[in-house]
*Asks:* 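Attaching a single structure in structure tokens format; questions to follow.
Counting starts at 1 for both ligands and their atoms, following the listed order.
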Amino acid sequence: MDKFEIVGGKALQGEVNISGAKNAALPIILATLLTSETVILHNVPDLRDVKTCFKLLTMMGKSYEQIGDNSFKISNAVTSNIAPYELVKTMRASILALGPLTAYLGAAEVSLPGGCAIGARPVDLHVKGLQEMGAQFELTDGYIRSSTHDGRLHGATIMMDKVSVTGTENLMMAASLAQGTTIIENAAREPEIVDLALFLKAMGANIKGEGSDTITIEGVEKLHECEYSIVSDRIEAGTYLIAAMASHGEVVCHNILPSTLDPVLVKLKKANALVEVKDNSIYLDMRNRDILPVDIITAPHPGFPTDMQAQFMVLNALAKGSSSITETIFENRFMHVPELIRMGANLSIQGNSVHCIGVDTLKGAQVMATDLRASASLVIAGLVAQGTTVVDRIYHMDRGYEHIERKIRALGGTIERISS
Ligand code: UD1
């Protein structure tokens with residue numbers, strides 16, 4: 001298993017190009033299951049989860065071709081409706097095949113998902129929504145099997161009991177080809193939901209209200225070819241901003257829509273960063289500035305994203321004073337805390353909150369990455385710690401950060417991949 005060896009202590013300084021968003025790319029690639037026509041996608045990040053999505057497509061009869069650094073052409077109609085365990089176990093987002101397959105073929109067999117071990121992460125909301133659209137379900141041998149009476153889903157008004165990002169996405173995709181109108185209430189409002197809606201509309205779907213908590217989808221008979229560029233990754237951008245901040249550096253993130261990061265930028269400014277945004281870039285300067293402690297409570301968008309919680313904890317660990325971070329989305333998302341404590345952070349878990357008392361420095365140590373964003377926090381901690389940090393199990397990181405070593409080195413950080 002690959003490891004990162006990081007020598008800490010340098011202020012990150014320079015410019016970084018932000019890649020396409022993983023969490024937009026995955027649903028968009030799987031949404032191509034809804035058409036037999038050719039789709040061209042740009043700004044597709046080179047990530048393990050994206051490769052898994054392409055593998056899923058080919059196993060279902062579709063084909064794809066890389067036509068540029070981050071551009072792909074996806075063709076052919078889906079012929080198989082099975083998303084097998086071998087692929088699904090490596091990527092929870094494979095559940096996003098359920099809605100499109102059920103809508104396009106009238107039936108699907110999707111293995112129950114694996115992915116990051118951050119809590120139980122059920123898929124009941126996906127299933128319940130599709131049931132309301134007329135699908136029947138069976139759960140056998142670890143597979144969710146859906147079917148429809150006459151091969152087609154029908155529109156329904158669906159009240160989501162809890163805000164779910166992929167749940168909303170599955171229902172939006174399914175509703176695009178359903179007969180009649182679907183209204184999703186208490187829908188997720190994340191920028192990636194908006195991006196998926198824009199992509200579906202480019203294929204001819206009739207969607208209104210994306211970005212609000214009520215999304216209305218008028219089903220159409222058929223979706224068609226299109227060319228689309230995926231939104232950039234707000235979580236990747238936020239991770240580089242925090243890395244620059246924790247190391248008292250200065251960074252410009254290019255190719256990022258600043259509004260997608262508003263809830264994070266508010267907190268970075270509170271923590272004393274100088275932040276300037278332009279149309280498509282974010283500048284952050286933390287040279288000669290103290291890190292101030294900031295309380296964080298994660299919440300669905302437009303709240304503070306749970307996917308930035310672990311990274312922000314490194315800032316609070318180094319802040320001048322005490323603070324708390326409360327996780328409200330996932331119940332087991334503090335696995336980075338014991339590792340940060342091993343590096344000298346003064347943190348204590350109290351229920352779903354972490355109390356942080358800032359320390360002057362962190363110290364390099366051997367640490368273990370446990371999920372994608374926890375890995376990012378350990379890499380940031382390694383970059384600012386005194387001495388050498390070895391982060392084990394970085395395969396999590398490869399699921400979500402394109403060319404991470406190259407980008408960190410371009411900013412002046414010292415990081416090496418040790419393959420074993
Ligand atoms: C997505 C993101 C992930 C992010 C998360 C929250 C993708 C591929 N992943 O994950 O990076 O951390 O949103 O912003 O976009 N829940 C249920 N039943 C369900 C579905 C969800 O109870 O059927 C619960 C979950 O356990 C969790 C909460 O709802 O407590 C939110 O989860 P959800 O928004 O669905 O997360 P994902 O879509 O899996």
*Asks:* Mark the output for V163 as yes if a heavy-atom distance to ligand 1 is under 4.0 Å, and as no if none is.
*Replies:*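 Distance cut 4.0 Å: V163 passes for ligand 1.
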*Asks:* Side chains of N170 and P100, heavy atoms from C-beta outward: is any pair under 4.5 Å?
*Replies:*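 A side-chain contact exists here, since the closest heavy-atom pair is under 4.5 Å.
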*Asks:* Find out whether Y240 and L12 are in side-chain contact, i.e. whether some heavy atom of one side chain is under 4.5 Å from a heavy atom of the other.
*Replies:*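 The answer is no, as the side chains (C-beta and beyond) never meet within the 4.5 Å cut-off.
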*Asks:* Sub-3.5 Å donor-acceptor pair from the side chain of E236 to the main-chain atoms of S19, do we have one?
*Replies:*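 At least one qualifying donor-acceptor pair exists.
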*Asks:* When you check the side-chain N and O atoms of T306 and E327, is any donor under 3.5 Å from an acceptor?
*Replies:*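 Per modelled atom types, T306 and E327 side chains form a pair under 3.5 Å.
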*Asks:* Just heavy atoms, cut-off under 4.0 Å: does R333 contact ligand 1 by side chain, backbone, both, or neither?
*Replies:*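 The side chain, only.
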*Asks:* Which atoms of ligand 1 sit under 4.0 Å from any heavy atom of R92?
*Replies:*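 In order of numbering, the contacting atoms are 39 (O).
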*Asks:* With ring centroids as reference points, do F54 and F72 lie under 6.0 angstrom apart?
*Replies:*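 When the ring centroids of F54 and F72 are compared, they turn out to be within the sub-6.0 Å range.
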*Asks:* Is D307 in polar range of ligand 1, meaning some N or O pair under 3.5 Å apart?
*Replies:*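 Looking only at distances, the answer is yes, because the N/O contact criterion of under 3.5 Å is met.
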*Asks:* Would you mind listing which atoms of ligand 1 come within a distance below 4.0 Å of any non-hydrogen atom of V123?
*Replies:*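 That gives atoms 19 (C), 23 (O) of ligand 1.
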*Asks:* Evaluate L125 for polar contact with ligand 1, using N/O atom pairs at a separation under 3.5 Å.
*Replies:*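 By distance alone, the answer is yes.
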*Asks:* Under 3.5 Å, is there a donor-acceptor pair between the side chain of T389 and the main chain of I6?
*Replies:*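 A pair under 3.5 Å: no.
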*Asks:* Looking only at atom types and distance, does a side-chain atom of T328 sit under 3.5 Å from a main-chain N or O of T298, one as donor and one as acceptor?
*Replies:*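 The answer is yes, because a donor-acceptor pair under 3.5 Å joins these two groups.
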*Asks:* Any side-chain donor-acceptor pair under 3.5 Å between T181 and E218?
*Replies:*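 Indeed, the side chains of T181 and E218 share at least one donor-acceptor pair under 3.5 Å.
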*Asks:* Counting both backbone and side chain atoms, is some N or O of I329 under 3.5 Å from an N or O of ligand 1?
*Replies:*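 For ligand 1, there is an N or O atom that lies under 3.5 Å from one belonging to I329.
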*Asks:* Considering only heavy atoms of H126, which atoms of ligand 1 have at least one such atom less than 4.0 Å away?
*Replies:*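 Under 4.0 Å from H126, ligand 1 has these atoms: 23 (O).
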*Asks:* Under 3.5 Å between any N/O of V165 and any N/O of ligand 1: does that happen in this structure?
*Replies:*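 Yes.
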*Asks:* Got a sec: does the NE2 of H355 have more than 12 other heavy atoms crowding it under 6.0 Å?
*Replies:*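 Yes, enclosed.
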*Asks:* Does P122 come within less than 4.0 angstrom of ligand 1, counting non-hydrogen atoms of the residue?
*Replies:*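 Contact present.
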*Asks:* Which ligand 1 atoms, with their elements, are less than 4.0 angstrom from a heavy-atom of T306?
*Replies:*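 That gives atoms 6 (C), 12 (O), 14 (O) of ligand 1.
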*Asks:* Classify the contact between T166 and ligand 1 as side chain, backbone, both or neither, using a heavy-atom distance cut-off of under 4.0 Å.
*Replies:*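 For T166, backbone and side-chain atoms both sit under 4.0 Å from ligand 1.
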*Asks:* Regarding ligand 1, does E169 bring an N or O atom to under 3.5 Å of one of the ligand's N or O atoms?
*Replies:*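 Min N/O separation from ligand 1 is not below 3.5 Å for E169.
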